Structures are given as C-alpha cells and as structure tokens.
Amino acid sequence: MEYPNNHKAIVQDLMRGKFILSSEKEFDTIKTNEVFYRNFFSESFGMDFHLSSEYACLVSSQTHETLSRTICIFFAILCYELDKDGKNFMDCLQYNEFEMEEIDTYFENTSYIDLVRATRQLEDAEKRRMLIDTMRRRNIVERTGNDRFVFTPAYKVFTGFAMDLSRRQTNGKEHMVAES
Amino acid sequence: MQHNEPVSILRFFTHHFDAVKDLYDYQIANQSIPHHVFLDVIDRHKSDVGQRFFDYKILRLSGEEYVFRKEFFDLLQYLYQTFRPVLPETIDKYNQVFGDLFRQIIQGLSLDRDILEARIMEIMSQAGECISHVERNTFRLLTESRELKANAEKMDYRSKLQKATFWIDYYIVPLNRILDVNNPSSVAFTLSEISEFANRYRLNFADEGIRRQFEKLYVFLMEVHNNLIKHSRTLTNELLPLIERIRTESAILSGWIHFLKNPFRMETPTMIKEQTYQVYASDMYYQTKEFFEQFETSDEMIIEDDEQDVEKWIYHKNMYRDKLLSQLPIENFFEWAATEINAEFGITQTDKLFTLAGLLFEENLQIEFTGKTSTIETSQASYTVPNVKIESYGISQ
C-alpha cells in the first residue's frame with residue numbers, strides 16, 4: 001500500500017497533539033487525503049480528525065484537560081485585558097507580535113489576579129514562559145525571537161470555544177463538568 | 001388662522017432658533033413637549049412669542065402636549081442629521097407603490113395623457129422619498145455602528161452583542177435585500193424595470209411632452225439606481241463587516257467573561273494527550289517480527305516449578321487468643337506478642353507480630369492506652385509501639 005507524502009511526519013505531529021497549519025507543507029497532503037486520514041485515525045486510534053481551512057488536529061476522548069483549561073484561562077484574560085487596554089483584540093491575536101514582558105504586565109495587573117495565582121502554569125513569569133513553550137510545541141504560537149512570539153491560526157479553536165460558550169449561554173445550554 | 005409669508009416664518013425660525021432647538025431636543029428625548037416645558041423654554045430664552053409657534057404652524061397639539069409638525073420636524077432632523085432609522089418594512093412598501101404605478105402607466109399608455117404624466121411624476125416623487133429613506137438609514141446605521149464600536153454608551157459585552165445582532169437582523173440584512181438589484185422582489189429590481197421601460201418610451205412615444213417626462217424619469221431613475229448601488233456597497237463592504245465584527249468580538253468577550261466566572265467547572269476544548277509511544281519507531285520492523293515469532297514456537301515446553309519449599313505459617317488465632325486471655329492482665333501487649341513469637345520460632349518476625357496485633361480488635365477486651373511507648377526489635381526492623389494494657393476480658397463489673 002502506498003502512503004501519502006510526509007505520512008510519518010503527519011502522524012507523529014498529530015499524535016503529539018500538534019496543530020498542522022495551512023502554511024506547512026504537510027497540510028497540502030492532509031487536504032488532498034482528508035478521507036484517508038479521517039479513516040486512518042478513526043480505525044487505528046479511535047480519534048476524530050479535524051480539518052479546517054487553516055489547521056488540522058486530532059480530537060480524542062483522552063484529553064489533556066488541565067492544559068486545555070490553562071490555555072483557555074490564558075486567552076480569556078489576554079483578550080479581556082487587550083480590550084480593556086483599548087486594543088482590537090481580534091486584530092492583535094491575528095497580526096500582532098507579543099513580547100513576554102507585555103504578557104507579564106497584563107497578567108500581573110489583571111483584575112483576575114487571584115485566578116492567575118491559582119493557576120499553576122500562569123502564576124509567575126517563568127511558568128508563563130513555560131506555558132508559551134508548551135503552546136509552541138503544539139503550534140499554537142510561533143516564536144519570533146527570544147522573548148517574542150505570534151499566535152498561529154490555531155488560536156481560533158479557543159476563541160471559537162468562547163463564541164460557542166456565549167451562544168450556549170444565550171440558549172441556556174451550558175455544559176458544566178460534573179462535580180466529583 | 002392668518003396666512004403668513006414664508007419669509008416671515010423663516011425669519012421667526014432663525015431669530016428664535018435656540019428655543020426651537022431646545023424644544024426639538026426635548027421632543028427627540030421624550031416624544032412630545034408638555035405645556036410647562038414649552039413655557040420654561042420660552043421663558044428661558046426671554047421670548048414673548050410663544051403663540052407664534054402655533055400661528056406659524058410650527059407646533060401642534062398632540063393630546064395635552066405639543067409636538068413639531070412633520071414638515072418642521074423633518075427639516076430639523078435634516079439639519080441635525082438625527083434621523084431615526086426607518087424600518088426596512090417601511091422602505092419595502094415603496095415596492096408596492098412603484099409596482100402599482102408602473103402597471104397603471106403600462107395600461108394607460110394610450111389613454112388620458114394628463115393622468116399618464118401625473119403617474120410618471122408620482123413615480124419620481126416616490127422614488128425620491130424612497131432614496132431619501134435609504135440614505136438616512138445608511139447614514140444612521142453607520143453612525144450607530146461606529147458608536148457601538150467605540151462603545152460610547154459603555155455597554156457590557158452582552159448588550160453590545162444584542163445590539164449588533166439587532167441592527168444586523170432587523171435593519172442591515174433586510175435593507176440589503178431591498179437594495180439587491182438581482183432580487184426580483186426588491187425595490188431596486190422594480191426601479192430598474194421601470195427605468196428600462198422609460199428608456200424605451202423616451203425615444204418612442206407620439207406625445208412630445210410625455211416623451212420628455214419619460215426622459216426625465218429615465219435620467220432620474222439612473223441616478224437613483226446609482227445611489228442604491230452606492231448604498232448597497234456601503235452596507236455590504238463597510239457596515240455589515242463592521243457590525244459583524246462587533247458582534248463577533250462581543251460574543252468572544254462575553255463567552256470569556258462567562259468562562260472566567262467559573263473556569264474550573266466548564267468543559268474546555270479537547271486537546272489530545274501527547275502520545276509517548278512511537279508508532280513509527282525505527283526498529284519497529286524487528287520489534288514486530290520478534291513479537292510474532294514468539295507465537296511461532298511449536299516445540300513442546302515443560303516448565304518446571306523451581307520454587308523451594310517454604311515453611312508456611314498458619315495463624316491459629318484461637319490458640320493465641322486463649323493464651324492471651326489466660327495471662328491477663330497484660331501490661332504491654334506488643335511486648336507480650338513479641339515474647340510469644342520469639343518463644344515459638346526463636347526469632348521475632350515483623351509479619352507475625354502485626355498478625356498478632358489483630359487480637360487487639362477482639363470484642364470485650366478491656367484495653368487501656370497508657371500514653372507511653374516502647375521499642376520492639378524484630379528481625380527486620382525496630383518499631384516504636386504504644387504501650388497497650390489489657391486489663392480483663394468481658395464487661396467489667
């Protein structure tokens with residue numbers, strides 16, 4: 001059987017929880033072989049394969065809930081603070097380059113400081129750098145310098161989640177995690 | 001009611017414009033002007049000409065309060081550009097008007113020329129009103145959207161989202177439909193049909209006067225058509241993206257703020273755990289080969305049990321219980337247990353010591369903790385244990 005080009009790299013990246021972006025060469029292969037990959041990941045690993053016009057990723061019941069929650073808190077506070085600062089947060093996420101110092105200023109002065117302190121991966125500057133590095137490994141951010149980065153289109157997974165939450169709230173269908 | 005020269009009315013309007021403006025502002029905010037407010041305004045501007053507002057038909061009575069007459073109200077709206085957007089349904093009504101007039105013109109082409117001329121002029125007049133409503137709406141919607149973007153009213157995100165959705169659903173999208181020249185039920189489409197008709201008859205009609213009217217109608221409708229296209233473009237290219245963006249931004253922020261209220265109880269997006277195993281390990285072929293080869297062995301195998309016999313200790317609970325009861329009272333239970341094990345096996349083993357400790361849970365043993373501790377040495381370790389005193393067995397008398 002012939003496998004698509006870059007098959008090994010595609011499988012390895014997606015299995016590591018990376019988003020494959022439309023700017024990467026593997027993305028063209030994925031797009032051409034969408035049905036194959038959908039079946040491949042479903043049959044081999046029981047995972048759902050998600051493909052949008054900007055990225056591809058895997059969705060599974062075996063989730064890294066803590067990381068996902070931390071990243072959601074990160075984006076929620078960042079968007080809120082950028083808006084409060086009079087900036088167009090959607091443009092910022094899409095086009096701006098961020099400096100870690102700028103991120104630190106937002107997170108140290110936010111009115112959500114208690115939540116920042118209570119979230120281990122956000123509590124101080126060093127932990128936040130580690131979180132950005134984790135996000136880099138997953139292709140959610142791209143480093144542009146020592147202490148600088150830009151967001152990749154994968155951030156839309158999280159802003160989409162916020163929009164969905166707003167819609168569910170309007171429709172009165174919130175999904176809460178059951179209390180243990 | 002006396003007849004007034006237009007110039008007198010305009011002069012009055014100009015001289016007392018401050019009072020007019022105050023009354024207009026009040027009506028914009030409160031729909032109508034109560035008598036005492038009217039008197040206050042007139043008094044504040046030291047004007048003794050209150051009655052002239054009625055002589056010149058600037059104000060009229062509405063119930064027990066006053067309102068500006070429509071003509072003056074429209075003029076002031078125009079001067080201050082403070083139009084309230086008209087519901088698209090109102091603009092859409094013109095489609096019916098144009099349709100009816102157009103039908104009547106077609107049917108009456110060979111009939112009375114005067115009524116034909118009047119109908120042509122009426123179409124122009126109605127088209128003028130219609131384009132005026134469209135212009136005002138576009139202007140007002142742009143102002144509203146920009147104010148919403150700047151959040152001049154300091155609205156929360158949810159209210160902003162609701163307002164943006166309101167403008168889109170009830171004004172912008174329906175207005176865009178009305179201005180869509182490709183939609184056969186739109187005002188723009190009907191006007192373009194009339195324009196084509198006028199174009200045909202401006203060159204081909206027996207009566208020269210009517211030909212001139214068709215010519216005027218054609219030129220006017222071309223202008224209206226261009227205006228409608230211009231407004232449609234403003235709606236599609238500027239207004240809709242702007243307000244859609246406000247809606248998206250507000251929805252995202254509203255969602256985040258809701259999330260931040262209870263971030264540890266909300267379901268979050270699924271992110272798969274990083275898989276630690278290598279699906280495509282470089283030595284996968286050999287590993288797989290080795291795995292399958294183990295099942296290919298067909299030789300008979302005999303597995304010998306090389307386990308050495310170990311003397312198994314069977315815990316006779318009743319025996320130790322009887323021993324314990326026969327020696328009551330016991331000052332230090334663990335010391336007693338260690339001595340018993342040592343006497344029986346020549347060595348104090350930890351597991352046996354703790355097995356015997358189970359006797360302490362026997363019912364009806366009168367146990368007392370002295371609060372002191374002692375050290376018990378077993379073959380494996382040294383234990384600090386509490387001094388447990390057993391007084392008697394059974395319910396004390």
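A quick note: this is a predicted structure, and the numbers were derived from the prediction, not measured. Lettering of chains follows the sequences in order, A, B, ..., and the numbering in each one begins at 1.
Shown here is N146(A), whose CG atom has no more than 12 heavy atoms of other residues, nucleotides or ligands within 6.0 Å. Annotation: R129(A), atom CZ; neighbour count of heavy atoms from other residues, nucleotides and ligands within 6.0 Å is above 12. A 6.0 Å sphere centred on CZ of R143(A) holds more than 12 heavy atoms belonging to other residues, nucleotides or ligands. More than 12 heavy atoms of other shown residues, nucleotides or ligands fall within 6.0 angstrom of atom CD in E89(B). Counting heavy-atom neighbours within 6.0 Å of Y78(B) OH, excluding the residue itself, gives a total of 12 or less. Within a 6.0 Å radius of CD in E123(A), other residues, nucleotides and ligands contribute more than 12 heavy atoms. Heavy-atom contacts from other residues, nucleotides or ligands closer than 6.0 Å to NZ of K87(A) number more than 12. More than 12 heavy-atom neighbours from other residues, nucleotides or ligands sit within 6.0 angstrom of CZ on F166(B).
Proximity to chain B is limited to the side chain of T119(A), based on heavy atoms less than 4.5 angstrom apart. Both the backbone and the side chain of L58(A) come within contact range of chain B, with heavy atoms under 4.5 Å apart. Contacts between D91(A) and chain B at a heavy-atom distance below 4.5 Å involve backbone atoms as well as side-chain atoms. For I140(A), the part lying under 4.5 angstrom from a heavy atom of chain B is the side chain only. Heavy atoms closer than 4.5 Å to chain B are found in the side chain of Y112(A), but not in its backbone. Using a 4.5 Å cut-off between heavy atoms, L14(A) touches chain B through its backbone atoms (N, CA, C, O) alone.
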>> side chain to side chain contact (heavy atoms under 4.5 Å, CB included) for F264(B) and L115(A)? Distances and angles first, verdict last.
In response: CA-CA 10 Å; F264(B) 297 105; L115(A) 178 61; 3.7 Å; yes
> Could you go step by step and tell me if W256(B) and S166(A) meet the side chain to side chain contact (heavy atoms under 4.5 Å, CB included) rule?
Replying inline: CA-CA 8 Å; W256(B) 281 140; S166(A) 167; over 6 Å; no
>> Run M271(B) and I71(A) through side chain to side chain contact (heavy atoms under 4.5 Å, CB included) and show every step you take.
In response: CA-CA 10 Å; M271(B) 291 185 74; I71(A) 295 176; 3.9 Å; yes
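Across all their heavy atoms, A162(A) and I252(B) have their closest contact at CB-O, 3.6 Å. Taking each heavy atom of M15(A) and I272(B) in turn, the nearest pair found is O-CD1, 3.7 Å. Shown here for T268(B) and F161(A), the closest heavy-atom pair between the two residues is CA-CE1, 3.9 Å.
With values rounded to the nearest 0.5 angstrom, L253(B) atom CG is found 10.5 Å from T159(A) atom OG1.
When atom types are taken as modelled, the side chain of R69(A) and the backbone of M266(B) share a donor-acceptor pair closer than 3.5 angstrom. Judged purely by atom type and a 3.5 angstrom limit, S68(A) has no side-chain atom pairing as donor or acceptor with the backbone of T270(B).
The choice from Y80(A), F19(A), F158(A) that makes the most heavy-atom pairs within less than 4.5 Å of chain B is F158(A). Ranked by heavy-atom pairs under 4.5 Å with chain B, the list L67(A), V59(A), N88(A) is led by N88(A).
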